[in-house]
There are 2 protein chains.
Amino acid sequence: MGAHADDSALPPVRFETHPDRYRHWRLELPQEHGGTVARLVLDIRENEGLRPGYPLKLNSYDLGVDIELADALQRIRFEHPAVKAIVFTSGKDRIFCSGANIYMLGSSTHGFKVNFCKFTNETRLYLEEMSAESGISSLAALAGTSSGGGYELAIACDEIVLVDDGSSAVSLPEAPLLGVLPGTGGLTRLVDKRKIRRDLADAFSTVAEGVRGKRAVDWNLIDEAPGKKDFDGAVKRRLDAMAARSKRRPMKPVKLEPLGTERKYVALEIDEAAHTATLTMRAPEGAEPQTPEELAKAGSGAWVIRAWRELDDALLDLRFNHPNVGVVALKTSGDPAKVLAVDAMLAKHKDDGLVREVTLLVKRVLKRLDNTAKSLFALVEPGSCFAGTLLEIALAADRVYMLDDPDGKNELRVSAMNAGPYPMSNGLTRLQSRFLREPERVSRVLEHDGPFDTRAALDAGLVTFAPDDIDWEDEVRIAFEERASLSPDAMTGMEASLRYGGPETMETKIFGRLSAWQNWIFQRPNAVGPRGALTLYGKPERPEFDFKRT
Amino acid sequence: MGAHADDSALPPVRFETHPDRYRHWRLELPQEHGGTVARLVLDIRENEGLRPGYPLKLNSYDLGVDIELADALQRIRFEHPAVKAIVFTSGKDRIFCSGANIYMLGSSTHGFKVNFCKFTNETRLYLEEMSAESGISSLAALAGTSSGGGYELAIACDEIVLVDDGSSAVSLPEAPLLGVLPGTGGLTRLVDKRKIRRDLADAFSTVAEGVRGKRAVDWNLIDEAPGKKDFDGAVKRRLDAMAARSKRRPMKPVKLEPLGTERKYVALEIDEAAHTATLTMRAPEGAEPQTPEELAKAGSGAWVIRAWRELDDALLDLRFNHPNVGVVALKTSGDPAKVLAVDAMLAKHKDDGLVREVTLLVKRVLKRLDNTAKSLFALVEPGSCFAGTLLEIALAADRVYMLDDPDGKNELRVSAMNAGPYPMSNGLTRLQSRFLREPERVSRVLEHDGPFDTRAALDAGLVTFAPDDIDWEDEVRIAFEERASLSPDAMTGMEASLRYGGPETMETKIFGRLSAWQNWIFQRPNAVGPRGALTLYGKPERPEFDFKRT
């Protein structure tokens, strides 16, 4: 199924980058807006795709392009506190972006396609979080055609301006041309974010050439369609308005230094043969900042920034570079008091701009953990520090094993940070998601005085199994062996269902409803078979469909 | 992929049945509860599966079994007004039900599996609707093991009693034994209905042997685990309590006469070569009942019962027997005034028991329409009667084409029945789902005085396209040709996303999140490949998994 049926033949994907090294995006801070607007210019270098074999024509993107975008958004948050709005533009004439590169998709393994879409979806949700939580709005300034993933990026922005030049259109040609879905949020955002009437969304999503001008405005596909000579003015007016109404809090900038090759607070050990991994997060060791000023001074070396950037990187590493790992042991080590001290600082200064950004960083990484398709078993042992923010890691796990330590030295601890700052994609805290049936348990846990020993943790419902020290080793070993022996597909589908009980949001609909259907389609011969539409795209042959409806 | 890779070689599935012809269920009205309890006894005849090739051992079921269950539930509603509670029991020793028959699943086409699960899901949701809307609660009386789909049926009941005999357990062995999901609501109901803690749900769903006795109660998998000698007493006590608290409204019974082979109000024409069908619903012709008493007297011959039972049957016929149809033209014909007269009766007598049941029937059939994986284009032409209840059919369509009739004779009409009685699975009315962005349009439409001509319908947002009589024929023809030419899989995934904008419910999560993941798994070699778990079930070989996680 394509040239790269085995990803393991390819070099691992790395997620660290820097504006100095961007090949496809330019991050500019134009003078005209006095530094309040960041301009992200998409100007893709055709021959510098992440992997060989597919020229990135027509400003089409691959994972490498999206890694740069994710980096740029993170840097705008931390390094550019004056920015109150982002404008997306193109460095190419007459085309904004033609979406994900089809040949890249066609030549990727199923697993890579799915993980690529997931990462792209996460980045676009981060853009929306910047608007909702950080006072940084975004505008898609489409001076040319925007199709597929290009339009999906646009609808992740708050506002869209499309030039009315008689030819530039927005379109979602995935279904009519490729036999797949606009699966990086496209269909969901049409009806759930822009709330486009379902019949108009249906018509739009099946017309390969898209919609332009007044009709695009009437259908709410875009917000404005100025003529060519009015385009720049319309964009500027909207950006000025965005900057003016921004509630971005002042903060000192923090430069995100490279993580380098050695992780300091996160260890990821892989056991390829067993299909397992161990992911250990370490508590701070020395003194950590106690005020926002100290935090700004410590910069990206502060534990609460560095450790979580490392965890983020490790999760992406796990997803993309270790597909054979099915079960991950989640561990922590260090002094819980040090973790709680960081939490106390975060809680005390929660209204500070930088503290808020740091908290949002942690929130996003925890969501990335929730959304990682590996079985997650937390192991709570003496010497661990599942306290406060790090307790969320256990609460994100599919199961929690806690050693019933005869010396009573094994413990869990809560903090104010378990009470709200890190909601899951479904809008609930992990404690709320855990206790859907007995919501009163949430406050009981939060009000608990001091540490939970194993018995108390079990009674409180925080722990799944609590073997004693005689059984611990065998029980844990067998649990991992059993889990790793099960069908990895069934586990992915099962975890996607059990992790997200309760309410759904646009975000969970993207990862649940939309992505699940897309993954199904990505397996269907009508898309990926030898005569499938995705396979034959750009070739002279026409796809041949099995017209049976499912 | 199994013996029946081509369903077209098999006789069509028929959905009409009658208790006299049940082969697998017995519908009993035991004297001891004075007729207030219906007992549904599952006693499956091993060698009378719907299709040859798979003995229905251990009270395992196939579609034929579920068709009988759906019929029984419908008859309890209409023919047995005294019934206030249903108890599910087994006619076999030591086993309640072992779920869907694996060999049936393993030998079915992908499309059949998906449609089978959808139908089973619908039937179980009907059981829950009986409890929520009709005052008929249900109890699963498990005197033996209940696994897979057997336990999924149990959790669709309001309450579950499992005998504590040291061996009877409840279990969901799909993931560990078959590499698929408990996809007829199982995973969703665990966390969303019974609100079982996610880590316990995870553990339960991976332990093939299941959970029994006190632990099953502690985890909320069941409600009570009496010993053998207390079992009957516990069941009776719960049934008496259910009957006592029932708010079922009194009504005259209506016998559901066979529809026979000739549909009176619904016409389904198939164009196999074009992959299209035309589904036409006719308005009443003569006088229809104007009071509940007249309705009871008219019985199942009344338009509002017969026409909707026919539509239900036609939809199932379309799904199961016409897989090659991708696009369905939805039409109506007749006098809109006759439809509105029925609506007036339904609205006026909405508190009457029988009228309420009839309204719920229409609601369920409309949901079945929403949930049918075919592109639905409504065609509004002079002579049609998209009025009130029948307007819902147009609102369920992916697009509405309305002829811009120069004589002004083409019209749509609303009634009180568009304002609430027929919510979609997402809990919204079809008008609310249509106008998510401009909710004020809902009341504007409902308050509209008189018919909407084409221009008014277009302005109101009820219509997608309104070609005039010069363009009508070509535009409609091209729309159908284009739609029918697209990848049927992409259309299924697209419609599943666009039809359900807005909130999600347990019901939409079952059809969206859970079913979409299950469909994906049903395509994966780890389940259905030559060495897949589903394929090899019951054979001496062990499945061989590709352990790459997706």
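Sequence lines set the chain letters: A, B, ... in the order given, protein chains first and strands last, and positions in each chain run from 1. These figures come from a predicted structure and were not determined experimentally.
- Interface remark: A:T508 contributes backbone and side-chain atoms alike to the contact with chain B (heavy atom separation under 4.5 Å).
- Remark: B:D546 CG to A:H110 NE2 distance equals 10.5 Å, nearest 0.5 Å.
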### Query
Can A:W520 and B:I521 be said to form a side chain to side chain contact (heavy atoms under 4.5 Å, CB included), step by step?
CA-CA 8 Å; A:W520 173 70; B:I521 291 167; over 6 Å; no
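- Between chain A and the residues B:Q518, B:K118, B:H322, B:E495, the largest count of heavy-atom pairs under 4.5 Å involves B:E495.
- Of the residues considered (A:V114, A:L181, A:T505), A:L181 shows the highest number of contacts with chain B, using heavy-atom pairs under 4.5 Å.
- In terms of heavy-atom pairs under 4.5 angstrom with chain A, the leader among B:V180, B:N220, B:L178 is B:N220.
- When all heavy atoms of B:W517 and A:A496 are compared, the pair lying nearest together is NE1-CB, 3.4 Å.
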### Message
Evaluate A:E504 against B:K509 for side chain to side chain contact (heavy atoms under 4.5 Å, CB included), listing each step before the verdict.
### Response
CA-CA 9 Å; A:E504 298 261 351; B:K509 287 175 83 166; 2.8 Å; yes
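- Looking only at heavy-atom pairs under 4.5 Å with chain B, the residue among A:A516, A:G501, A:A203 that has the most is A:A516.
- Across every non-hydrogen atom of A:D192 and B:G502, the tightest pair is OD1-N, 2.7 Å.
- Smallest separation of non-hydrogen atoms from A:R198 and B:D398: NH2-OD1, 3.5 Å.
- The minimum heavy-atom distance between A:A175 and B:M494, with the atom names listed, is CB-SD, 4.4 Å.
- Neither the backbone nor the side chain of B:M506 comes within contact range of chain A; no heavy atoms are under 4.5 Å apart.
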### Task
Determine, stepwise, if the pair B:D199 / A:R434 fulfils side chain to side chain contact (heavy atoms under 4.5 Å, CB included).
CA-CA 8 Å; B:D199 58 332; A:R434 191 170 192 83; 2.9 Å; yes
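- At a 4.5 Å heavy-atom cutoff, the contact between B:S205 and chain A is made by backbone and side-chain atoms alike.
- Only the backbone of A:F511 comes within contact range of chain B, judged by heavy atoms closer than 4.5 Å.
- Between chain A and the options B:S375, B:A527, B:G183, B:A479, heavy-atom pairs under 4.5 Å are most frequent for B:S375.
- Classification of B:R197 and A:E438 as a salt-bridged pair fails, no side-chain N sitting under 4.0 Å from a carboxylate O.
- The contact between A:L486 and chain B is made by backbone and side chain atoms together, counting heavy-atom distances below 4.5 Å.
- Contacts between A:S485 and chain B at a heavy-atom distance below 4.5 Å involve the backbone alone (N, CA, C, O).
- Contacts of B:S515 with chain A are absent, with no heavy-atom separation under 4.5 Å from either backbone or side chain.
- Among the candidates B:A201, B:G461, B:G186, B:G532, the residue making the largest number of heavy-atom pairs closer than 4.5 Å to chain A is B:G461.
- Taking the charged nitrogens against the carboxylate oxygens, A:R399 and B:D202 do have a contact shorter than 4.0 Å, which makes a salt bridge.
- Most heavy-atom pairs under 4.5 Å with chain A: of the set B:A397, B:S433, B:P182, B:P543, this distinction falls to B:A397.
- A side-chain donor-acceptor contact under 3.5 Å links B:T492 and A:R549.
- The shortest side-chain heavy-atom distance between B:N526 and A:P488 falls under the 4.5 Å cut-off.
- When all heavy atoms of B:Q523 and A:P525 are compared, the closest pair comes out as OE1-CD, 4.1 Å.
- Neither the backbone nor the side chain of A:T188 comes within contact range of chain B, judged by heavy atoms closer than 4.5 Å.
- The distance from the NE2 atom of A:H275 to the CZ atom of B:F545 is 11.0 Å, given to the nearest 0.5 Å.
- Annotation: side chain of B:S497 is not in contact with side chain of A:V191 (no heavy-atom distance under 4.5 Å).
- Only the backbone of A:A484 comes within contact range of chain B, with heavy atoms under 4.5 Å apart.
- Both the backbone and the side chain of B:L498 come within less than 4.5 Å of a heavy atom in chain A.
- Neither the backbone nor the side chain of B:A533 has a heavy atom closer than 4.5 Å to any heavy atom of chain A.
- With a 4.5 angstrom heavy-atom cutoff, B:L395 touches chain A only via backbone atoms.
- From B:L177, atom CG reaches atom OG of A:S487 across 12.0 Å, with rounding to the nearest 0.5 Å.
- Residue contact with chain A, scored on non-hydrogen atoms closer than 4.5 Å, involves the backbone and the side chain of B:F547 alike.
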### Query
Would A:T206 and B:R483 satisfy side chain to side chain contact (heavy atoms under 4.5 Å, CB included), going step by step from the backbone distance to the final call?
CA-CA 8 Å; A:T206 52; B:R483 185 65 155 223; 3.4 Å; yes
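- Contact tally against chain B (heavy-atom pairs below 4.5 Å) for A:R319, A:E482, A:M491: the top residue is A:M491.
- Contacts of B:R499 with chain A are made by both backbone and side-chain atoms, with heavy-atom separations under 4.5 Å.
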